[in-house]
Amino acid sequence: MHLDPGHDWSVTPQEAIALQRTLAERVLLQPGPKHVRRVAGVDTGFADHGRTARAAVVMLSFPELAPLETRIALEPTPFPYIPGLLSFRELPVVLHALEKLSMLPDLVLCDGQGIAHPRRLGIAAHLGVVTGLPTIGVGKSRLIGDYREPGMEKGCVAPLMYANQRIGTVVRTRRAVRPLFISPGHRTDHGSAVAWTLACTGRYRLPEPIRMADRVASARRGSEKNAVP
DNA sequence: GCGACAG
DNA sequence: ATCTTGTCGC
């Protein structure tokens with residue numbers, strides 16, 4: 001399958017920022033998909049002192065959360081890590097892993113922020129605008145915003161605020177663990193983002209799609225295979 | 001100028 | 001993100 005890159009990815013940090021301001025206008029905040037049969041998790045890992053980027057996408061069935069397909073892409077890392085510009089470092093290789101899927105997901109959980117970003121275009125929102133797919137940002141830590149510590153029980157939440165606006169939700173996905181920073185990417189909203197995240201979470205802190213993609217992307221040695229039907 | 005800063 | 005073994009806690 002051929003997936004459109006969406007735009008030129010060979011940009012300078014300054015051009016990337018300008019691009020984010022434009023693309024952010026195309027982000028759609030609306031209730032997420034009504035029915036989900038397939039949910040994908042994406043994550044990126046690095047090797048060779050950061051010179052090689054490895055994106056992993058794992059497709060799971062819903063609500064069983066059983067792995068259906070795993071795809072990987074390896075490429076030279078194209079952009080340095082700059083807070084706020086993470087998508088220009090990880091999305092190029094992520095898109096190549098995504099286009100290897102035999103079927104499109106109904107929803108994508110992405111490692112990193114959605115609209116909880118200085119210009120409202122974190123990696124999950126960027127991925128959604130480029131692919132047109134509904135996406136949710138699942139951050140393991142905070143990029144921007146203020147919040148009150150949510151309760152310690154699983155399911156406890158607290159709004160993530162920035163410039164007097166809600167940009168996400170701090171969610172306790174498991175008892176007494178560090179909370180996750182959930183924010184809408186594209187074609188989802190605060191409520192649906194949190195609901196789908198919890199619906200995809202089992203006995204671990206990370207929702208299954210992200211946890212499985214994480215495992216594959218960070219695989220130390222050569223699991224450079226591509227499982228396909 | 002100073003502090004913060006997804007992965 | 002990555003470098004890295006055992007260890008403390010539920």
Side-chain angles (χ1 to χ4, degrees), chain A residues 9 13 16-17 19-20 23-24 27 41-58 72-95 97 108-130 135-147 151-154 160-163 167-186 188 193 197 202-207 209-223:
Chain A
W9 290 89
I17 289 175
L19 198 47
Q20 290 182 323
L23 294 174
V27 173
V42 300
D43 185 41
T44 305
F46 298 86
D48 304 317
H49 302 288
R51 287 188 285 270
T52 301
R54 166 168 44 201
V57 51
V58 179
I72 292 174
L74 276 173
E75 291 170 18
T77 305
F79 202 86
Y81 170 65
I82 299 175
L85 300 181
L86 178 67
S87 57
F88 290 88
R89 176 178 172 80
E90 303 192 347
L91 281 191
V93 64
V94 163
L95 291 173
V108 179
L109 264 54
C110 189
D111 198 43
Q113 315 298 328
I115 63 169
H117 176 279
R119 290 166 293 281
R120 304 294 189 274
L121 197 81
I123 187 167
H126 196 162
L127 175 62
V129 168
V130 167
T135 60
I136 293 173
V138 180
K140 293 186 291 296
S141 62
R142 182 199 73 99
L143 174 59
I144 59 168
D146 304 296
Y147 63 95
M152 284 305 229
E153 294 306 310
K154 174 175 183 175
L160 179 62
M161 307 295 289
Y162 184 69
I167 58 174
T169 310
V170 184
V171 183
R172 195 82 66 181
T173 51
R174 189 189 166 171
R175 186 188 182 294
V177 298
R178 282 181 301 142
L180 293 182
F181 296 77
I182 307 302
S183 57
H186 183 56
T188 54
T197 293
R203 78 177 269 203
Y204 302 97
R205 179 191 180 222
L206 294 178
I210 293 294
R211 198 173 75 85
M212 300 188 72
D214 230 73
R215 181 179 61 67
V216 177
S218 303
R220 298 240 172 206
R221 232 208 85 201
S223 57

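Model, not experiment: these values are computed from the prediction. Every heavy atom of this structure was used, including side-chain atoms; hydrogens, water molecules and symmetry mates were not. Convention: sequence-line order gives letters A, B, ...; per-chain numbering from 1.
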Open item on the list: Whether the side chain of A/Thr77 engages the backbone of A/Gly50 through a donor-acceptor N/O pair (distance < 3.5 Å, no angle test) should be reported.
Closed with: yes
Open item on the list: Are there runs of at least three consecutive Watson-Crick or G-U pairs touching DNA chain C, with each pair's two distances under 3.5 angstrom? Give them by first number.
Closed with: none
Open item on the list: Do A/Leu160 and A/Thr169 have side chains that approach each other closer than 4.5 Å (heavy atoms only, starting at C-beta)?
Closed with: no
Task: Side-chain heavy-atom pair A/Tyr147, A/Arg142 within 4.5 angstrom cut-off - done: yes
Open item on the list: What residues from residues 87-95 of chain A pass a heavy-atom cutoff of under 4.0 Å to DNA chain B?
Closed with: A/Glu90
Open item on the list: Mind checking if A/Ile123 touches a base, just sugar-phosphate, or nothing, with heavy atoms under 4.0 Å?
Closed with: base
TODO: Figure out the CE/C1' separation between A/Met152 and C/dC10, and round it to whole Å.
DONE: 12 Å
Task: A/Ser218 backbone acceptor or donor facing A/Arg54 side chain under 3.5 Å - done: no
TODO: Quick one: closest heavy-atom pair of A/Ile167 and A/Pro184, and the distance?
DONE: O-CD, 4.1 Å
TODO: Give the first and the last nucleotide of DNA chain B, reading 5' to 3', that has any atom under 4.0 Å from a heavy atom of chain A.
DONE: B/dA4 to B/dG7
Open item on the list: Under 4.0 Å, counting only non-hydrogen atoms across every strand here, what does A/Gly137 touch: a base, just sugar-phosphate, or nothing?
Closed with: nothing
TODO: Say whether, by atom type as modelled, one donor and one acceptor occur between the side chain of A/Ser183 and the main chain of A/Gly168 under 3.5 angstrom.
DONE: no
- [ ] List the atom of A/Leu85, the atom of A/Ala16, and the distance in Å for their closest heavy-atom pair.
- [x] CD2-CB, 4.0 Å
TODO: Check the pair A/Gln20, A/His117 against side chain to side chain contact (heavy atoms under 4.5 Å, CB included), reporting the backbone distance first and the verdict last.
DONE: CA-CA 10 Å; A/Gln20 290 182 323; A/His117 176 279; 3.6 Å; yes
- [ ] Quick one: label A/His49 by what it contacts on the DNA or RNA (base, sugar-phosphate, nothing), any heavy atom closer than 4.0 Å.
- [x] nothing
TODO: Specify the separation, in whole Å, of atom CG of A/Leu86 and atom P of C/dA1.
DONE: 10 Å
Task: Under 3.5 Å donor-acceptor, A/Thr52 side chain and A/Pro76 backbone - done: no
TODO: Could you check A/Arg175 against A/Asp214 and say which one's nearest nucleotide on DNA chain C is further toward the 5' end?
DONE: A/Asp214
Open item on the list: Quick one, A/Phe181 and A/Gln113 - any side-chain contact, counting heavy atoms below 4.5 Å?
Closed with: yes
- [ ] Drop me the distance from A/Tyr162's OH to A/Leu143's CG, to the nearest 0.5 angstrom.
- [x] 8.5 Å
Task: Within-4.5 Å side-chain heavy-atom neighbours: A/Asp111 and A/Lys140 - done: yes
Open item on the list: Under 4.0 Å, heavy atoms only, any strand: does A/Leu180 hit a base, just the sugar-phosphate, or nothing?
Closed with: nothing
TODO: Using the side chain to side chain contact (heavy atoms under 4.5 Å, CB included) rule, take A/Ile210 and A/Val58 through it: C-alpha gap first, then chi angles, then the decisive distance, then the call.
DONE: CA-CA 8 Å; A/Ile210 293 294; A/Val58 179; over 6 Å; no
May I have the list of side-chain donor-acceptor pairs in residues 86-94 of chain A shorter than 3.5 Å, sequence neighbours left out?
| unit_1 | atom_1 | unit_2 | atom_2 | d |
| --- | --- | --- | --- | --- |
| A/Ser87 | OG | A/His126 | ND1 | 2.8 |
| A/Arg89 | NH1 | A/Phe79 | O | 2.8 |

For nucleotides 2-9 of chain C, tabulate all protein N/O to nucleotide N/O atom pairs closer than 3.5 Å, reporting atom names and distance.
| unit_1 | atom_1 | unit_2 | atom_2 | d |
| --- | --- | --- | --- | --- |
| C/dT2 | OP1 | A/Phe46 | N | 3.2 |
| C/dT2 | OP1 | A/Phe46 | O | 3.3 |
| C/dC3 | OP2 | A/Arg220 | NH1 | 3.1 |
| C/dC3 | OP2 | A/Arg220 | NH2 | 3.3 |

Open item on the list: Determine whether a donor-acceptor pair (N or O, by modelled atom type, separation under 3.5 Å) exists between the side chain of A/Arg178 and the backbone of A/Ser141.
Closed with: no
Open item on the list: Using only atom types and a distance under 3.5 Å, with no angle test, would you say the side chain of A/Arg205 pairs donor to acceptor with the backbone of A/Thr173?
Closed with: no
Task: Secondary-structure stems for DNA chain B, with pairs counted as Watson-Crick or G-U when both distances are under 3.5 Å and runs at least 3 long - done: none
